[in-house]
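First the structure, in the form of C-alpha cells, and then the observations on it.
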Amino acid sequence: MEKEIKNDSGIAIQSQYAPLNAELAGQFPYTRGIRPDMYRSKLWTMRQYAGFSTAEESNKRYHYLLKQGTMGLSVAFDLPTQIGYDSDHAYAEGEVGKVGVAIDSLKDIEVLFNGIQLQDITTSMTINATASTLLAMYIALAKKQGADLQKISGTIQNDILKEYAARGTYIYPPKPSMRLITDIFEYCSQEVPKWNTISISGYHIREAGSTAAQELAFTLANGKAYILAAQNKGLDINVFAKRLSFFFNAHNDMFEEVAKFRAARRMWANITKSLGATDPQAQMLRFHTQTGGSTLTAQQADNNIIRVTLQALSAVLGGTQSLHTNGFDEALSLPTESAARLALRTQQIIGFESGVTHTVDPLGGSYYVEALTNEIEELANQYINIIDAMGGSVEAIEQGYMQNEIAKSAYAYQKQIEQGEKTIIGVNKFVQAETNNTALLKIDDAIRKVQVEKLQQLKNERDAVTVAQHLEALSTAAKSDVNLMPHILNAVESYATLGEIADVLRNVFGEYKG
C-alpha cells in the first residue's frame, strides 16, 4: 500500500486530481506523466553536468558531487574530444580542457572514473559525433571493473541531427553518421540493454534561438528520423524505442515550458504508435532537462539563481525524469565548486521541501496550462508536417529549413530585447554599475602540455602492432555494412586513441562541410 502523504496542515494529498473519466498519468498518451505515481515514489535523477581540464581534475569534482548527494553523473567533454581530435592535434590548440574534460584514450576514462563503480551509478555523456568511441571506452572500463554489462545504465546524447541544425560539432556526413547511431542501437540492445542509446536533444536547438514550439517540433521530427533509420536496419521499434530518451531546455516562461513538456509526451506517444509501437514502454517519452544556459546573464549574476530555480521548477511541474541545474556563474566561466553545490541544493529544496512532488501533474486541469498544451502541440505539428513534406529531418536540414527557422526566431528575440519589448533584468532594465567580484574557475592553458605528454607515454607503452591491426579491421568494416561497435571496442581496448579512430572513419566516410 502506498504511504499516505499529508501537507503541514494535515490534509491528505491524492496521487492525482482529475474529474471522472479524465486522462490520468500512466495512461496513453501520457500527457500528465509516464508513471501513475511519478515523484511520490521516486524523485527525478538529480544530475550535475561537470567536466573540465584533465580527467584527474574532473574526477575530483565527481567525487565531490557524489558526496553532496547528486544521483548521477553527467560528463562534459572538451571541443577536441567532441570533434574527434587528440589533444596533440594542431586543431586542438587553445581548446584542450576548456569547455569540458579532455579524453584521448581509454587511459583517460580510467582516470576519469577512478574510485567510481560504473555499475552503481548512471552516467550521461554529452557527446555526439564521437559517441560510439566514448561509449566503447565506458564499456571497456566497465568490463575491466568486472561490472555486469546487462546492468550498467546511462545515456549518450548521440544526436547528430541537431548538430547539423543548431550546434556544429559534427564530423561525418549525415548518412554515415546515421549508420553509426543505428549501429549503437543494435549493439546496445544486445550487449548493454539498460543503456539509453540516444538523447534526442532540443536543448541546443533552443540555445541556438528557437522558440519553445520549434524546439519541440524539430526535436520530435529528429526522433522520427532516428526511428525510421533503425526500422530500415530491421530493428524492432518495441525494443529500441524503449531506450530512446530526450533532452529539453527549461527556459524562462514557466507555464509555456510546463505546457511544452506535457505536449511532448502526448505527441511522442502518438508518433511512436503511428510508426508501429505497441508496447507502452516504447510509446513513453522520457526526458532529461537542463535549465537554460542562454538565459544566464553576466550582469548581476546572482539573479541567475532565481532564474535557475524557476526553470527547474517548470521541469519538475512538467514531469522530467532527470534534471541538471546550471551554476549561477556560468555566463562568466565554468561553474565553481560552490556554484555547483548551490545548483544541486536548488533541486534538493524543490524535491524535498516545496511539496510540488506530492501529487502528479499539479498544474493539470488549469485552463491556462491545458490551453497552452494544446496550442503548442498544434504549432509543433505544423512544423513537423512541413518537415515530413520535405522528406524528413535529414532532408530538411540539408535544405537549411531548420537552421533558417531557428535563425529567424533568434533574430526576432534579440531584436525584442534591444528594443525593450522583452525585459531582461540587469541587461535592459534595472541596470546598475557593478564590479564583478564573483570567484571564477580558470582553466590553465598548460593542460594541453600535460595531455600531450600522457599521449606520448601511452603510444610508447602500448602494443603498436595490435593497435594497427584493430584500426585496419575498423577501416575494412566501415567499408562494408557490418556493425562497427565491436570493432571500435576492440580498437579502444588496445588503447587506440579517439583521434586515431575518428581519422579511420574520416578516411572512409569523409567530412561534412555544412
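Everything numeric in this text was worked out from a predicted model, so none of it was measured.
- Remark: Lys151 pairs with no residue by the salt bridge (Lys or Arg N to Asp or Glu O under 4.0 Å) rule, at least two apart or across chains.
- For Arg266, the salt bridge (Lys or Arg N to Asp or Glu O under 4.0 Å) partners are Glu377, not counting sequence neighbours.
- Note: Tyr368 and Phe255 have tilted aromatic rings, judged against thresholds of 30 and 60 degrees for the angle between ring planes.
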Next item on the list: Determine, stepwise, if the pair Lys60 / His63 fulfils side chain to side chain contact (heavy atoms under 4.5 Å, CB included).
Entry: CA-CA 5 Å; Lys60 291 175 187 175; His63 280 284; 6.0 Å; no

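- How far OG1 of Thr325 is from CG of Leu313: 12.5 Å, rounded to the nearest 0.5 Å.
- Between Asp37 and Lys42 there is no salt bridge, since no side-chain nitrogen of the basic residue lies less than 4.0 Å from a carboxylate oxygen of the acidic one.
- Evaluation of the salt bridge (Lys or Arg N to Asp or Glu O under 4.0 Å) test over residues 279-292, restricted to residues two or more places apart or in two chains, returns Lys242-Asp279.
- Exactly one residue among Thr309, Leu332, Thr297 makes a side chain to side chain contact (heavy atoms under 4.5 Å, CB included) with Asn304. That residue is Thr297.
- Contacts of Tyr413 classified as ring pair (Phe, Tyr, Trp, His ring centres under 6.0 Å), with partners at least two apart in sequence or in another chain: none.
- Using a 30° and 60° split on the angle between ring planes, Tyr30 and Phe28 fall in the perpendicular class, above 60°.
- Panel note: side chain Arg265, backbone Gly318; a donor-acceptor pair is recorded below 3.5 Å.
- The distance from the OG1 atom of Thr81 to the CG atom of Leu498 is 6.0 Å, given to the nearest 0.5 Å.
- Under the 3.5 Å distance criterion, with hydrogens and angles disregarded, a donor-acceptor pair is assigned to the side chains of Tyr138 and Thr123.
- Applying the salt bridge (Lys or Arg N to Asp or Glu O under 4.0 Å) test to residues at least two apart or on different chains, the pairs with a partner in residues 203-222 are Arg206-Glu215, Arg206-Glu257, Glu215-Lys260.
- No donor-acceptor distance shorter than 3.5 angstrom exists from the side chain of Thr126 to the backbone of Ala76, with no hydrogens or angles considered.
- Annotation: side chain of Lys162 is not in contact with side chain of Ile200 (no heavy-atom distance under 4.5 Å).
- A 4.5 Å side-chain heavy-atom check between Leu79 and Lys98 finds every atom pair outside the cut-off.
- Side-chain N or O atoms of Asn238 include one that pairs as donor or acceptor with a backbone N or O of Thr278 at under 3.5 Å.
- Under the side chain to side chain donor-acceptor pair (under 3.5 Å) criterion, Ser393 pairs with Asn222, sequence neighbours left out.
- Summarising the geometry, atom CG belonging to Leu43 is positioned 5.0 Å from atom CZ belonging to Phe352; distances are rounded to the nearest 0.5 Å.
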Checklist line | Asn128/Thr169 under side-chain hydrogen bond (donor to acceptor under 3.5 Å, both in side chains): CA gap, chis, key distance, verdict | finding: CA-CA 8 Å; Asn128 296 284; Thr169 63; 4.6 Å; no

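- Among residues two or more places apart in sequence or in another chain, the side-chain contact (heavy atoms from CB on, under 4.5 Å) test is passed with Ala129 by Ile160, Ile171.
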Notebook entry, point to check: How far apart are the C-alpha atoms of Gln190 and Glu186, what are their side-chain angles, what is the distance that settles it, and do they pass the side chain to side chain contact (heavy atoms under 4.5 Å, CB included) test?
Noted result: CA-CA 7 Å; Gln190 298 165 6; Glu186 182 179 49; 4.1 Å; yes

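- Checked against side chain to side chain donor-acceptor pair (under 3.5 Å), Tyr226 has the following partners two or more places apart in sequence or in another chain: Asp159.
- Ile181 approaches Ile198 most closely through the heavy-atom pair CG2-CD1, 4.2 Å.
- Summarising the geometry, atom CG belonging to Asp183 is positioned 10.5 Å from atom SG belonging to Cys188; distances are rounded to the nearest 0.5 Å.
- No donor-acceptor contact under 3.5 angstrom links the side chains of Thr291 and Arg307, judged on distance only.
- Contact annotation: the side chain of Leu135 approaches that of Trp195 to within less than 4.5 Å [non-hydrogen atoms, C-beta and beyond].
- Side chains of Arg47 and Gln290: a donor-acceptor N/O pair is absent below 3.5 angstrom, by distance only.
- Under a 3.5 Å cut-off, the side chain of Thr211 and the backbone N or O of Gln214 do form a donor-acceptor pair.
- A donor-acceptor pair is defined here as one N or O able to donate and one able to accept, closer than 3.5 Å; no such pair exists between the side chain of Glu191 and the backbone of Leu149.
- Residues Gly72 and Thr45 approach most closely at N-CG2, 4.1 Å, considering heavy atoms.
- Scanning for ring pair (Phe, Tyr, Trp, His ring centres under 6.0 Å) contacts around Phe247 gives Tyr203, His204, His288, with sequence neighbours left out.
- Looking only at distances, no side-chain donor or acceptor of Thr289 sits under 3.5 Å from a matching main-chain atom of Asn249.
- Atom NZ of Lys233 has more than 12 heavy atoms from other residues, nucleotides or ligands within 6.0 Å.
- Here the closest non-hydrogen pair linking Ala147 and Gln119 is CA-OE1, 3.2 Å.
- Considering only residues two or more places apart in sequence or on other chains, Asp78 meets the salt bridge (Lys or Arg N to Asp or Glu O under 4.0 Å) condition with none of them.
- Separating the CD1 atom in Ile139 from the CE atom in Met137 is a distance of 12.0 Å, to the nearest 0.5 Å.
- The minimum heavy-atom distance between Ala502 and Gly84, with the atom names listed, is CB-O, 3.5 Å.
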Next item on the list: Report the C-alpha distance between Thr373 and Arg262 in whole Å, list the side-chain angles of each, state the deciding distance to 0.1 Å, and finish with yes or no for side-chain hydrogen bond (donor to acceptor under 3.5 Å, both in side chains).
Entry: CA-CA 6 Å; Thr373 302; Arg262 298 174 88 248; 3.0 Å; yes

Checklist line | Pair Gln68-Arg345, side-chain hydrogen bond (donor to acceptor under 3.5 Å, both in side chains): steps then yes or no | finding: CA-CA 9 Å; Gln68 297 301 315; Arg345 293 288 182 259; 2.6 Å; yes

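- In summary, the side chains of Tyr164 and Ser177 do present a donor paired with an acceptor at a separation below 3.5 Å, with no hydrogens or angles considered.
- Judged as a side-chain contact (heavy atoms from CB on, under 4.5 Å), and not counting sequence neighbours, the contacts of Arg243 are Asn196, Thr197.
- In this structure a side-chain-to-backbone donor-acceptor pair under 3.5 Å is missing from Asn252 to Thr295.
- Thr272 and Ala269 get closest at one heavy-atom pair: OG1-O, 3.1 Å.
- When atom types are taken as modelled, the side chain of Gln145 and the backbone of Ile116 share a donor-acceptor pair closer than 3.5 angstrom.
- Distance alone, capped at 3.5 Å, is enough to place a donor-acceptor pair between the Gln231 side chain and the Leu275 backbone.
- Listed by chain and number, the residues in a side-chain contact (heavy atoms from CB on, under 4.5 Å) with Ala230 are Thr182, Phe185, Leu235, Phe240 (sequence neighbours excluded).
- Side chain of Asp108 to backbone of Ala55: no donor-acceptor contact under 3.5 angstrom is found.
- To the nearest 0.5 Å, atoms CZ (Arg179) and OH (Tyr172) are separated by 11.5 Å.
- Shown here for Leu220 and Leu285, the closest heavy-atom pair between the two residues is CD2-CD1, 3.9 Å.
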